[in-house]
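One structure is given here, and the rest of the page talks about it.
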Amino acid sequence: MRALAELVMKGRKQAAFVAVIAALLPLLYWVSAAAVALVTLRKGRSEGTGLLIWALLPAGVWAYSVSDPTPLAVIVGTYILAITLRETVSWAKVLMIALPVGAIASVGMDIMLSSYLDEVIKQLDKFLVQSASQANQEVKLDPEQLRQLMLGGLTSVHTVMMLVSVMLARSWQAGLYNPSGFQREFHVLRLPQLYTGVLIAASFVCYQLDLESLRWLPLLLLPWIIAGIALVHGSLAKRDLGRSWLVAFYVAAFFMGPYVITLLVFAAAIDSFVDIRSRISVKN
């Protein structure tokens, strides 16, 4: 990955080559997004915009030819988050800006993937009816509820990809110019009380919207989840507990996802008010 980052920073032609090729290849659009973010973080908005235009050419082809807005949404969203990080140097603000960016991407997916979602729901309904008839049971599927659930999942995944891409770009930048810089930033990531209050209020309002909560609640939980992961990393690093504890954490997250995510959300919300890491003594 370091060699790829060095290639991107070598010049405009090399950066454009990486951004275009990565955006053309299936499932590598995040590399293109990270390349755009790296140039934006290091050289500023003007250089980043120039590379963004190159990356959008193949991403636009994907959106037009196969009605897949994913590369387009992730690349543009990552660019916006990279600008936010460069101008504010605040990961907490990046996490909050990711919410409206993800919401806009969700609206775009709802429009562009409408027929695809309808077909998936139709096929799933057919499958469930056949399975239920074989088991002599009756199944009632709410198409609108399922649609909102699918959109919520897609929105969260796309927003996570934006955040992962800008984090990858920041780690590349740190590796090239500021060793351990990204690690230090991530270990102290903590949501201010105001942001947590906004998230709580937005989640409460969203919950009152019934069906819409399936679409927007997963997105609203993302800042807490990322902040919770940062809390785990920072706390373990402060006690110098080694990577085995991080491995155990991610293994637990893989096998007990919902429970770990719930703990991360509560821990991040509490951390906003009590600053847990400041209460952990540094290991001598």
Side-chain angles (χ1 to χ4, degrees), residues 1-25 28-59 71 74-98 101 159-192 222-223 226-227 229-238 240-243 246 250 277 282:
M1 282 295 186
R2 181 184 176 88
L4 185 60
E6 290 175 345
L7 178 62
V8 170
M9 296 308 298
K10 188 171 289 187
R12 292 181 179 177
K13 292 182 179 179
Q14 292 86 346
F17 174 79
V18 172
V20 170
I21 296 300
L24 274 174
L25 297 176
L28 283 181
Y29 56 86
W30 54 273
V31 175
S32 180
V36 172
L38 174 59
V39 172
T40 303
L41 289 171
R42 183 63 182 175
K43 297 184 178 181
R45 182 181 302 193
S46 178
E47 288 287 332
T49 302
L51 185 58
L52 174 67
I53 293 174
W54 281 105
L56 289 182
L57 295 178
V74 171
I75 292 172
V76 174
T78 302
Y79 169 72
I80 295 173
L81 298 184
I83 290 177
T84 303
L85 181 59
R86 176 180 169 85
E87 295 183 352
T88 66
V89 198
S90 169
W91 279 105
K93 290 183 179 179
V94 170
L95 293 179
M96 296 303 289
I97 292 296
V101 173
T159 307
V160 167
M161 291 303 302
M162 297 174 197
L163 290 169
V164 168
S165 296
V166 77
M167 287 180 178
L168 177 60
R170 191 61 156 184
S171 69
W172 283 350
Q173 183 186 25
L176 294 176
Y177 308 105
N178 183 23
S180 300
F182 171 68
Q183 184 183 64
R184 290 193 296 269
E185 290 177 356
F186 190 67
H187 284 180
V188 299
L189 170 58
R190 172 172 164 263
L191 293 179
L222 279 181
I226 302 298
I229 294 174
L231 173 61
V232 172
H233 277 254
S235 300
L236 294 179
K238 201 168 185 181
D240 194 22
L241 292 177
R243 294 191 175 183
L246 279 177
Y250 283 109
R277 273 158 292 198
V282 180

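With a 4.5 Å cut-off on side-chain heavy atoms, Val94 and Arg170 do not count as touching. Under the 4.5 Å side-chain criterion, counting only non-hydrogen atoms from C-beta, Leu57 is not in contact with Val20.
Between the side chain of Arg277 and the backbone N or O of Leu189, at least one donor-acceptor pair lies under 3.5 Å.
Listed here is the closest heavy atom pair of Ala35 and Leu51: O-CD2, 3.6 Å. Residue Ala230 comes nearest to Phe186 through the heavy atom pair CB-O, 3.2 Å, listed as atom of the first residue, atom of the second, then distance. When all heavy atoms of Gly48 and Val39 are compared, the closest pair comes out as N-CG1, 4.0 Å.
With sequence neighbours excluded, the residues forming a salt bridge (Lys or Arg N to Asp or Glu O under 4.0 Å) with Arg45 are Glu87, listed by chain and number.
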Extract all donor-acceptor atom pairs below 3.5 Å that involve side chains of residues 76-85 and protein atoms in other chains or at least two apart in sequence.
from: Thr78; atom 1: OG1; to: Val74; atom 2: O; distance (Å): 2.6
from: Tyr79; atom 1: OH; to: Thr49; atom 2: OG1; distance (Å): 2.4
from: Thr84; atom 1: OG1; to: Ile80; atom 2: O; distance (Å): 3.0

Give every donor-acceptor pair under 3.5 Å between a side-chain atom in residues 6-18 and any protein atom, sequence neighbours left out.
from: Glu6; atom 1: OE2; to: Arg2; atom 2: NE; distance (Å): 3.2
from: Arg12; atom 1: NE; to: Glu47; atom 2: OE1; distance (Å): 3.3
from: Arg12; atom 1: NE; to: Glu47; atom 2: OE2; distance (Å): 3.3
from: Arg12; atom 1: NH2; to: Glu47; atom 2: OE2; distance (Å): 2.6

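Note: Leu168 CG to Leu38 CG = 8.5 Å, rounded to the nearest 0.5 Å. The distance from the CD1 atom of Ile226 to the CG atom of Leu231 is 13.0 Å, given to the nearest 0.5 Å.
Ring planes of Trp91 and Phe182: perpendicular class, angle over 60° (limits at 30 and 60°).
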